[in-house]
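Got a structure for you, questions after.
Hydrogens, waters and symmetry mates play no part in the numbers below; they use all other heavy atoms, side chains included. Position 1 is the first residue of the sequence; numbering continues from there.
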Amino acid sequence: MKGLILCAGKGSRLQPFSYLTSKVLLPVANKPLIFYNIEKCIALGITDIGLVIRPSQRDMFLDAVGTGERWGIRLTYIYQHHPRGIADAVRQAEAFIANDAFLLLLGDNLIANSLEAMTQSVIQNGHDGALLLGEVTKPQDYGIVEIKDGVIIGLEEKPAQPKSNLAIMGAYAFTPKIFSAVRSISPSQRGEYEMTDAISYLIDQRHSISYDVTHDSHTDVGTTERWLEANRWMLDKLAGQKSGAYASGTNTVIPPVLIDPSSKLEHCTVGPYVVVGPHVVLKDCEVEDSILLEEVFLSRCKLKGSIVSRQYAVPPLEGDA
């Protein structure tokens with residue numbers, strides 16, 4: 001089985017943070033989002049992974065991710081020249097996948113659930129596709145699946161009137177039969193080749209599509225609100241059940257908190273749910289439920305529910321270093 005991770009989206013809902021980098025390279029708990037997806041593949045024994053990116057971001061990915069050396073795997077870059085939807089991105093990878101089954105992940109999704117059962121349904125149980133589903137509060141933002149008597153009977157992308165709240169969680173497994181589907185569909189009203197249409201095509205052709213419903217944490221890191229949400233549950237996962245404030249030098253830390261060791265804090269109260277990135281300087285600050293990206297300098301401020309980049313950080317007050 002191979003892996004395929006889609007990373008070519010523009011990340012327009014994450015602007016301005018996605019102006020200068022791909023959204024899948026933005027950090028959750030101080031680790032690029034795409035690393036979690038690569039590690040999902042590796043946990044299943046998948047060591048040959050394709051990354052679908054925009055050609056203009058090739059150097060950015062090579063610098064941040066490389067070609068797999070850090071994990072002892074092989075990463076192959078595949079280009080989607082025009083943003084024409086998920087199914088179109090899959091179509092670009094046909095030569096890479098060849099005759100293998102593959103795990104398909106959306107690079108901006110973070111999933112706690114194991115994907116082993118889903119992949120085994122394709123590898124061992126004879127299904128031509130498998131989907132990971134989860135309940136969502138805003139089904140209008142997702143690809144939604146309708147199920148009756150344990151069978152998928154309908155799929156719709158971002159429906160105005162959703163027939164369920166079960167969304168595809170950005171994780172799929174397929175045999176190569178999916179390629180005949182992505183070649184056969186037409187663009188939707190949004191002008192994109194939708195994965196829901198490709199799966200519907202397989203169902204119409206009487207191919208077997210299974211599903212697994214997760215009740216574990218999952219989020220599409222497509223907005224700043226969801227980015228903060230992903231940060232919170234990843235910090236909970238890293239911290240376990242630890243709680244309660246404690247003093248660290250001149251600072252008070254309220255777990256769960258993750259602070260890069262290269263950063264410097266003076267007379268601050270930090271937490272809960274705060275990630276401080278590399279080379280950050282904080283002086284006399286109170287920070288809660290926030291993400292501070294690399295090289296931010298903040299002085300004499302209070303933050304809650306915020307994401308701060310050095311391009312948009314509060315400037316130091318007069319007289320501060």
Side-chain angles (χ1 to χ4, degrees), residues 7 9-38 53-54 56-66 69-70 107-108 110 221-235 238-239 248-321:
C7 311
K10 290 185 176 180
S12 56
R13 293 177 296 171
L14 279 170
Q15 293 172 353
F17 303 102
S18 58
Y19 280 144
L20 302 179
T21 189
S22 167
K23 63 179 177 178
V24 306
L25 297 179
L26 295 171
V28 172
N30 275 348
K31 183 164 70 172
L33 181 57
I34 192 175
F35 283 22
Y36 294 99
N37 287 296
I38 292 172
I53 66 171
R54 284 181 277 159
S56 61
Q57 295 184 330
R58 178 180 180 273
D59 291 343
M60 177 189 304
F61 273 86
L62 286 174
D63 289 343
V65 184
E69 299 90 346
R70 77 180 70 211
D108 60 356
L110 195 59
V221 188
T223 66
T224 53
E225 291 82 5
R226 293 180 195 161
W227 189 2
L228 287 167
E229 176 189 344
N231 203 60
R232 286 192 291 271
W233 70 258
M234 187 55 65
L235 283 176
L238 294 173
S248 175
T250 62
N251 306 297
T252 298
V253 177
I254 307 171
V257 166
L258 183 61
I259 301 173
D260 188 274
S262 66
S263 293
K264 296 180 180 180
L265 283 65
E266 297 180 10
H267 306 289
C268 294
T269 299
V270 180
Y273 298 109
V274 173
V275 169
V276 179
H279 308 293
V280 169
V281 177
L282 301 180
K283 295 183 179 182
D284 301 295
C285 293
E286 296 179 18
V287 186
E288 179 182 347
D289 187 24
S290 296
I291 301 170
L292 307 182
L293 300 175
E294 186 174 4
E295 296 182 352
V296 162
F297 181 103
L298 293 174
S299 178
R300 303 178 196 171
C301 68
K302 293 184 179 182
L303 295 176
K304 183 176 181 180
S306 300
I307 302 172
V308 185
S309 165
R310 63 180 179 178
Q311 283 84 9
Y312 311 99
V314 178
L317 298 178
E318 186 176 351
D320 285 334

Going by salt bridge (charged side-chain N to carboxylate O under 4.0 Å, His left out), name the residues that satisfy it together with Glu266, two or more places apart in sequence or in a different chain.
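Applying salt bridge (charged side-chain N to carboxylate O under 4.0 Å, His left out) to Glu266 gives none.
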When rounded to the nearest 0.5 Å, the distance separating OG1 of Thr269 from CD of Glu288 is 10.5 Å
Please indicate whether Lys304 has more than 12 foreign heavy atoms, meaning atoms of other residues, nucleotides or ligands, lying under 6.0 Å from its NZ.
no
Report yes if the side chains of Cys7 and Ile34 come closer than 4.5 Å at any heavy-atom pair, otherwise no.
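Yes; the side chains approach each other to less than 4.5 Å.
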From CG (Leu25) to CE (Met60), nearest 0.5 Å:
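The distance works out to 7.0 Å.
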Could you go through Leu298 and Leu282, starting from their C-alpha distance and side-chain angles, then the distance that decides it, and tell me whether this counts as side chain to side chain contact (heavy atoms under 4.5 Å, CB included)?
CA-CA 5 Å; Leu298 293 174; Leu282 301 180; 3.6 Å; yes
Interatomic distance, Asn251 atom CG to Lys264 atom NZ [nearest 0.5 angstrom]:
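If we round to the nearest 0.5 Å, Asn251:CG and Lys264:NZ are 13.0 Å apart.
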Examine distances only and state if a side-chain atom of Asp108 and a backbone atom of Gly222 form a donor-acceptor pair shorter than 3.5 Å.
no
For Val296 and Ser309 the tightest heavy-atom approach is CG2-C, 3.6 Å
Working to the nearest 0.5 Å, report the span between CD of Glu225 and CD1 of Ile307.
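Taking CD in Glu225 and CD1 in Ile307, the distance rounds to 8.0 Å.
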The single option from Leu303, Ile291, Val280 that satisfies side-chain contact (heavy atoms from CB on, under 4.5 Å) with Val308 is Leu303
Run the side-chain hydrogen bond (donor to acceptor under 3.5 Å, both in side chains) test against Asn30 and tell me which residues pass, sequence neighbours left out.
none
Could you check Val275, Val28, Asp289 and say which one makes a side-chain contact (heavy atoms from CB on, under 4.5 Å) with Leu235?
Val275
Tell me, do Ile254 and Tyr273 make a side-chain contact under 4.5 Å, heavy atoms counted?
no
Kindly compute the distance separating CG (Leu228) from CH2 (Trp233), expressed to the nearest 0.5 Å.
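Reported to 0.5 Å precision, the distance equals 14.0 Å.
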For the backbone of Cys268 and the side chain of Thr250, can you confirm whether one donor and one acceptor N or O come within less than 3.5 Å of each other?
no
Indicate yes or no: at least one non-hydrogen side-chain atom of Leu33 is less than 4.5 angstrom from one of Trp227.
no
Once you round to the nearest 0.5 Å, how far does CG of Leu26 lie from CG of Leu293?
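Answer rounded to 0.5 Å: 7.5 Å.
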